[in-house]
Trainee: 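Below are the structure tokens for one structure; questions will follow.
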Amino acid sequence: MKEEYFVNIAISRAIELYLSSSKNKDSILYNSFLVVTVRILAFIYGELDVLNPYYLNNSVAFFNNLAKYGMSRADIAIFKEEFLNYYKFEEENNNGKIKFKNPYFKNVLKYLVDMFIFKRNSVEVTYQEEEMFLDLAYTSHTKNPYRVSYNYLASENPQYIEKYYYSKVNQFDVTSDLSKTISTNLNLEALKYVGVDLSSLKNMSKDEIENAKNEAYNYFMVDATSPSRDDDLESAINNFKNYGKKVTTGNGYVDILLLMSVIVTSFSVIAIIIFSLA
């Protein structure tokens with residue numbers, strides 16, 4: 001007789017593990033990706049909206065609950081399949097001698113980010129709630145060592161989800177959410193580095209927001225008058241994350257020349273040291 005699962009084996013198994021590990025929140029199991037996915041769903045929709053359909057074996061109610069903030073049924077169906085693909089890939093990975101990056105890891109997280117963004121656009125979400133989501137979602141806000149480690153093991157680009165999150169936040173036009181007129185979209189990630197978050201923006205005047213934007217450009221040494229300033233700012237942020245450097249001229253071509261000069265200088269210093277020791 002064919003075994004039946006709630007929605008599919010991945011979601012059914014994830015909820016089972018969530019229930020069995022919830023009393024030991026410091027455990028590896030409770031911080032495994034299967035369980036964290038359920039934790040994120042429970043955080044976004046409420047635990048009852050996730051568990052009640054499971055107890056009743058009512059997949060229709062489950063999908064209805066996931067759609068309550070406006071996510072399309074098509075995207076929810078894709079999320080379900082991507083989570084199943086993740087589960088199958090991981091099962092093969094665990095049975096093999098060589099471990100591979102799981103390509104479905106970031107796909108599942110992208111849909112979870114989308115779900116949170118839909119909620120964020122529908123109801124009031126506090127700064128603390130946003131931080132809690134980012135902590136769960138395998139970003140630089142994540143504090144749990146198991147989740148931090150797994151992000152590097154499973155993902156080709158451990159910073160991808162955080163970049164995706166902030167790009168989605170910017171997409172829904174923060175300016176209209178704040179009821180303020182601003183000449184360009186805000187880069188919330190850049191503003192974070194100068195101590196300005198979404199909660200702060202809601203209490204700032206137009207001039208104060210413009211000053212904060214300019215401060216962010218200055219912090220990353222980007223020319224605020226350049227037509228490519230937003231792209232330059234994004235590059236500077238990525239450079240800072242990857243190398244701990246903020247150096248940028250605001251001109252991509254000049255930046256390449258600058259980098260080449262640094263490399264040549266480094267080789268020259270090494271050569272001098274080698275010859276001095278010879």
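Source: prediction; values computed, not measured.
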Trainee: Looking only at atom types and distance, does a side-chain atom of Lys99 sit under 3.5 Å from a main-chain N or O of Asn93, one as donor and one as acceptor?
Mentor: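 Side chain of Lys99 to backbone of Asn93: a pair is present.
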Trainee: Just how far is it from atom OH of Tyr5 to atom CD of Glu16, taken to the nearest 0.5 Å?
Mentor: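 If I round to the nearest 0.5 Å, the distance is 8.5 Å.
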Trainee: Could you report the tightest heavy-atom contact between Leu17 and Leu34, atom names first, then the distance?
Mentor: CD1-CD1, 3.9 Å
Trainee: Does Glu162 use its side chain to pair, donor to acceptor, with the backbone of Ser140 at less than 3.5 Å?
Mentor: yes
Trainee: Starting at CG of Asn218, measure out to CG of Asn211 and round the result to the nearest 0.5 Å.
Mentor: 10.5 Å
Trainee: Check whether Ser22 reaches the backbone of Leu19 with its side chain - one donor and one acceptor, N or O, closer than 3.5 Å.
Mentor: yes
Trainee: Given the rule that I, L, V, M, F, W and Y join up when any side-chain heavy atoms are under 4.5 Å apart, are Phe100 and Tyr150 in one cluster?
Mentor: yes
Trainee: Which side chain to side chain donor-acceptor pair (under 3.5 Å) pairs, counting each pair once, include a residue from residues 54-64, with sequence neighbours left out?
Mentor: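 Of all non-adjacent pairs touching residues 54-64, those that pass side chain to side chain donor-acceptor pair (under 3.5 Å) are Asn64-Arg73.
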Trainee: Can you tell me which residue pairs pass the ring-ring contact (aromatic ring centres under 6.0 Å, His included) test with a partner in residues 9-34, sequence neighbours excluded?
Mentor: Phe33-Tyr86, Phe33-Phe105, Phe33-Tyr138
Trainee: Please determine whether side-chain hydrogen bond (donor to acceptor under 3.5 Å, both in side chains) holds for the pair Glu82 and Asn85, giving the CA-CA distance in whole Å, both sets of side-chain angles, and the decisive distance to 0.1 Å.
Mentor: CA-CA 5 Å; Glu82 289 295 87; Asn85 289 335; 3.2 Å; yes
Trainee: Atom CG of Asn31 and atom OG of Ser149: how far apart are they, to the nearest 0.5 Å?
Mentor: 10.5 Å
Trainee: Are the side chains of Asn157 and Lys163 in touch, meaning some heavy atoms are under 4.5 Å apart?
Mentor: yes
Trainee: With a 4.5 Å cut-off on side-chain heavy-atom distances among I, L, V, M, F, W and Y, is there a chain of contacts connecting Leu153 to Leu136?
Mentor: no
Trainee: Looking at every heavy atom in both Lys101 and Ala154, which two are closest together, and how far apart are they?
Mentor: CB-O, 3.6 Å
Trainee: Within the structure provided, determine whether Ile28 and Ser21 are in side-chain contact (heavy-atom separation under 4.5 Å).
Mentor: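 No, side chains not in contact.
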Trainee: How far apart are the closest heavy atoms of Ala224 and Asn214, and which atoms are they?
Mentor: CB-OD1, 4.1 Å
Trainee: Would you give the length of the straight line joining atom CG of Leu41 to atom CE of Met115, rounded to the nearest 0.5 angstrom?
Mentor: 5.5 Å
Trainee: Of all heavy-atom pairs between Leu191 and Ala212, which one has the smallest distance, and what is that distance?
Mentor: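 In terms of heavy atoms, the two residues are closest at CD2-O, 3.6 Å.
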Trainee: Between the side chains of Glu91 and Lys88, is the shortest nitrogen-to-carboxylate-oxygen separation below 4.0 Å, so that they form an ion pair?
Mentor: no
Trainee: Given 3.5 Å as the limit, does a donor-acceptor pair link the side chain of Lys119 with the main chain of Ile44, or not?
Mentor: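 Checked: pair present.
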Trainee: Applying the 4.5 Å side-chain criterion to the ILVMFWY set and letting contacts propagate, would Phe43 and Tyr45 be lumped into a single cluster?
Mentor: yes
Trainee: Keeping Asn144 on the side-chain end and Arg147 on the backbone end, is there a donor-acceptor pair under 3.5 Å?
Mentor: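 Yes, the answer is positive, given that a donor and an acceptor are paired below the 3.5 Å cut-off.
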Trainee: Is a side-chain N or O of Thr142 found less than 3.5 angstrom from the main chain of Val148, in a donor-acceptor match?
Mentor: no
Trainee: For residues Met71 and Phe63: do they belong to one hydrophobic cluster (side chain heavy atoms under 4.5 Å, members Ile, Leu, Val, Met, Phe, Trp, Tyr)?
Mentor: yes
Trainee: With sequence neighbours left out, write down each residue that passes side chain to side chain donor-acceptor pair (under 3.5 Å) with Asp75, or none if nothing qualifies.
Mentor: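 Partners of Asp75 under the side chain to side chain donor-acceptor pair (under 3.5 Å) test: Ser72.
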Trainee: Is any NZ, NE, NH1 or NH2 atom of the basic residue among Arg120 and Glu130 found under 4.0 Å from an Asp or Glu carboxylate oxygen of the other?
Mentor: yes
Trainee: Would you say the side chain of Leu112 lies within less than 4.5 Å of the side chain of Phe79, judging by non-hydrogen atoms?
Mentor: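 Yes, close enough: below the 4.5 Å cut-off.
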Trainee: Indicate the atoms forming the closest heavy-atom contact of Glu129 with Glu124, along with that distance.
Mentor: OE1-O, 3.9 Å
Trainee: Apply the test ring-ring contact (aromatic ring centres under 6.0 Å, His included) to residues Phe6 and Phe62: give CA-CA distance (whole Å), side-chain angles for both, the deciding distance (0.1 Å), then the verdict.
Mentor: CA-CA 10 Å; Phe6 173 67; Phe62 180 73; 5.3 Å; yes
Trainee: Looking just at side-chain N and O atoms, do Asp114 and Tyr164 make a donor-acceptor pair shorter than 3.5 Å?
Mentor: yes
Trainee: Using 0.5 Å steps for rounding, measure from the NZ atom of Lys110 to the CD1 atom of Ile78.
Mentor: 10.5 Å
Trainee: Could you point out which residue of Tyr111, Tyr69, Phe133 forms a ring pair (Phe, Tyr, Trp, His ring centres under 6.0 Å) with Phe116?
Mentor: Phe133
Trainee: With rounding to the nearest 0.5 angstrom, report the CG to CD distance, Asn95 to Glu90.
Mentor: 10.5 Å
Trainee: Can you check whether Phe118's main-chain N or O pairs, donor with acceptor, with Ser122's side chain at less than 3.5 Å?
Mentor: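 A pair under 3.5 Å: yes.
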Trainee: List the steps and the verdict of side-chain contact (heavy atoms from CB on, under 4.5 Å) for Asn65 and Val50.
Mentor: CA-CA 8 Å; Asn65 290 342; Val50 175; over 6 Å; no
Trainee: With a cut-off of 6.0 Å (strictly less than), are more than 12 heavy atoms of other residues, nucleotides or ligands near CG of Asp26?
Mentor: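 For Asp26, atom CG is not crowded (no more than 12 foreign heavy atoms under 6.0 Å).
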Trainee: Is it the case that one hydrophobic cluster holds both Ile9 and Leu51, taking links as side-chain heavy atoms less than 4.5 Å apart, direct or via other members?
Mentor: yes
Trainee: Mind running ring-ring contact (aromatic ring centres under 6.0 Å, His included) on Phe83 and Tyr104 for me, showing each step along the way?
Mentor: CA-CA 7 Å; Phe83 193 45; Tyr104 302 103; over 10 Å; no
Trainee: Kindly give the heavy-atom pair with the smallest separation between Ile161 and Leu109, and that separation in Å.
Mentor: CD1-CB, 3.5 Å
Trainee: Is there a donor-acceptor pair closer than 3.5 Å between any side-chain N or O of Ser27 and the backbone N or O of Asn24?
Mentor: yes
